[in-house]
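Structure record follows, encoded as structure tokens.
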Amino acid sequence: VQLQASGGGSVQRGGSLRLSCTASMFDMDYYAVGWFRQAPGKEREGVSCIDSTSSNDITYYADAVKGRFAIFRDKAENMLYLQMNSLKPEDTAVYYCATDYQYDCNNWQSDYWSQWGQGTQVTVSS
């Protein structure tokens, strides 16, 4: 699988960005996929996960982004998105999309994900 994140940029506090993740040789709707981020000098952390265990996508969010970020898929376009609103300087990081060929998001914030795309930089200024 080849994943590629895009859509990052520089915004001011309170701004919005929408990240996209494209995939080749991979059905984005068939497996759970997640968004992760890594800030300078910090460990990579889970941001959000969307599973594929039912017809209704079940989504999960890190506490730091709940209510501000939304993960969703465009099944027709085979795309994954992360809508980020009310951005804060602490959201500054390189963002990655990932999958592990699992169907659920159990323990999604653990470090088991095996397939990673190239990241996209998000910078939020105050």
Side-chain angles (χ1 to χ4, degrees):
V1 59
Q2 291 184 332
L3 301 171
Q4 176 69 57
S6 63
S10 297
V11 298
Q12 292 188 328
R13 177 193 291 271
S16 297
L17 285 172
R18 177 176 290 185
L19 304 184
S20 302
C21 178
T22 60
S24 61
M25 299 179 290
F26 180 76
D27 186 341
M28 197 74 80
D29 187 42
Y30 195 68
Y31 297 103
V33 283
W35 285 100
F36 298 79
R37 66 187 181 186
Q38 188 166 21
K42 295 187 177 181
E43 293 186 354
R44 187 170 57 202
E45 63 176 353
V47 175
S48 183
C49 182
I50 185 168
D51 80 355
S52 63
T53 57
S54 71
S55 58
N56 298 317
D57 292 335
I58 300 175
T59 57
Y60 303 82
Y61 298 95
D63 289 344
V65 306
K66 280 180 182 177
R68 300 188 297 122
F69 290 12
I71 187 172
F72 60 99
R73 284 186 278 233
D74 183 323
K75 299 174 183 179
E77 297 295 326
N78 197 36
M79 296 281 290
L80 174 72
Y81 296 98
L82 184 69
Q83 178 66 41
M84 306 188 296
N85 299 325
S86 303
L87 283 162
K88 305 175 181 180
E90 50 264 46
D91 294 319
T92 295
V94 178
Y95 284 71
Y96 302 87
C97 51
T99 189
D100 194 57
Y101 299 109
Q102 306 290 331
Y103 302 112
D104 57 49
C105 292
N106 291 344
N107 301 312
W108 67 276
Q109 291 176 299
S110 300
D111 190 22
Y112 66 80
W113 300 76
S114 61
Q115 309 297 319
W116 295 87
Q118 290 188 332
T120 186
Q121 175 71 48
V122 172
T123 302
V124 185
S125 60
S126 57

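Residue numbers run from 1 in the order of the sequence given. Since we're looking at a predicted model, the values are computed, not measured.
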Listed by chain and number, what are the side-chain contact (heavy atoms from CB on, under 4.5 Å) partners of [X], not counting sequence neighbours?
| X | answer |
| --- | --- |
| Ala93 | Arg37, Ala39, Tyr95 |
| Arg68 | Val65, Ser86, Lys88, Asp91 |
| Glu77 | Asp74, Met79 |
| Val11 | Leu17, Leu87, Val124 |

Could you tell me whether the side chain of [Y] reaches within less than 4.5 Å of the side chain of [X], counting heavy atoms only?
| X | Y | result |
| --- | --- | --- |
| Gln115 | Phe26 | no |
| Leu80 | Leu3 | no |
| Met25 | Val1 | no |
| Trp108 | Asp51 | no |

Enumerate the disulfide bond (SG atoms under 2.5 Å apart) contacts for residues 85-126, please, sequence neighbours excluded, ordered by first and then second residue.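 As it turns out, the disulfide bond (SG atoms under 2.5 Å apart) pairs with a partner in residues 85-126, which skip direct neighbours, are Cys21-Cys97, Cys49-Cys105.
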If you measure from [atom1] on [X] to [atom2] on [Y], what distance do you get to the nearest 0.5 Å?
| X | Y | atom1 | atom2 | answer |
| --- | --- | --- | --- | --- |
| Ser52 | Met28 | OG | CE | 12.0 Å |
| Ser48 | Tyr81 | OG | OH | 15.5 Å |
| Ser6 | Gln118 | OG | CD | 11.0 Å |
| Trp35 | Leu19 | CH2 | CG | 5.0 Å |

For residues 92-118, which residue pairs qualify under salt bridge (charged side-chain N to carboxylate O under 4.0 Å, His left out), counting only residues two or more places apart or in two chains?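 As it turns out, the salt bridge (charged side-chain N to carboxylate O under 4.0 Å, His left out) pairs with a partner in residues 92-118, which skip direct neighbours, are Arg44-Asp111.
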Filter on salt bridge (charged side-chain N to carboxylate O under 4.0 Å, His left out), then keep only pairs touching residues 113-123, sequence neighbours left out; what's left?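 Non-adjacent pairs meeting salt bridge (charged side-chain N to carboxylate O under 4.0 Å, His left out): zero.
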Show me the donor-acceptor pairs, under 3.5 Å and distance only, between side chains in residues 56-64 and residues at least two apart or in other chains.
residue: Asp57; atom: OD1; partner: Arg73; partner atom: NH2; Å: 3.0
residue: Tyr61; atom: OH; partner: Ile71; partner atom: N; Å: 2.9
residue: Asp63; atom: OD1; partner: Lys66; partner atom: NZ; Å: 3.1

Among all residues two or more places apart in sequence or in another chain, which pass the ring-ring contact (aromatic ring centres under 6.0 Å, His included) test with Phe36?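 Phe36: ring-ring contact (aromatic ring centres under 6.0 Å, His included) contacts with Trp113, Trp116.
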Tyr103: ring-ring contact (aromatic ring centres under 6.0 Å, His included) partners, not counting sequence neighbours: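 Tyr103: ring-ring contact (aromatic ring centres under 6.0 Å, His included) contacts with Tyr30, Tyr31.
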So does Gln38 have more than 12 non-hydrogen atoms from other groups sitting under 6.0 Å from CD?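 Counting other residues, nucleotides and ligands, CD of Gln38 exceeds 12 neighbours.
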Got more than 12 heavy atoms from elsewhere within 6.0 Å of CD, Glu90?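 Buried by this count: over 12 neighbours within 6.0 Å.
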Is the backbone of Ala32 close enough, under 3.5 Å, to the side chain of Thr99 for a donor and an acceptor to pair up by distance?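 Yes.
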Does the pair Thr120 and Gln4 meet the rule for a side-chain contact (heavy atoms from CB on, under 4.5 Å), with working shown? CA-CA 9 Å; Thr120 186; Gln4 176 69 57; over 6 Å; no
Side-chain heavy atoms nearer than 4.5 Å, only ILVMFWY residues, links allowed to pass through others: does that put Ile50 and Leu82 together?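 Yes, it is one cluster - the side chains of Ile50 and Leu82 are joined through contacts under 4.5 Å.
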Mind jotting down which residue pairs meet the side chain to side chain donor-acceptor pair (under 3.5 Å) criterion with at least one end in residues 14-29? Sequence neighbours excluded, please.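 Sorted pair list: Gln2-Ser24, Ser16-Asn85, Arg18-Gln83.
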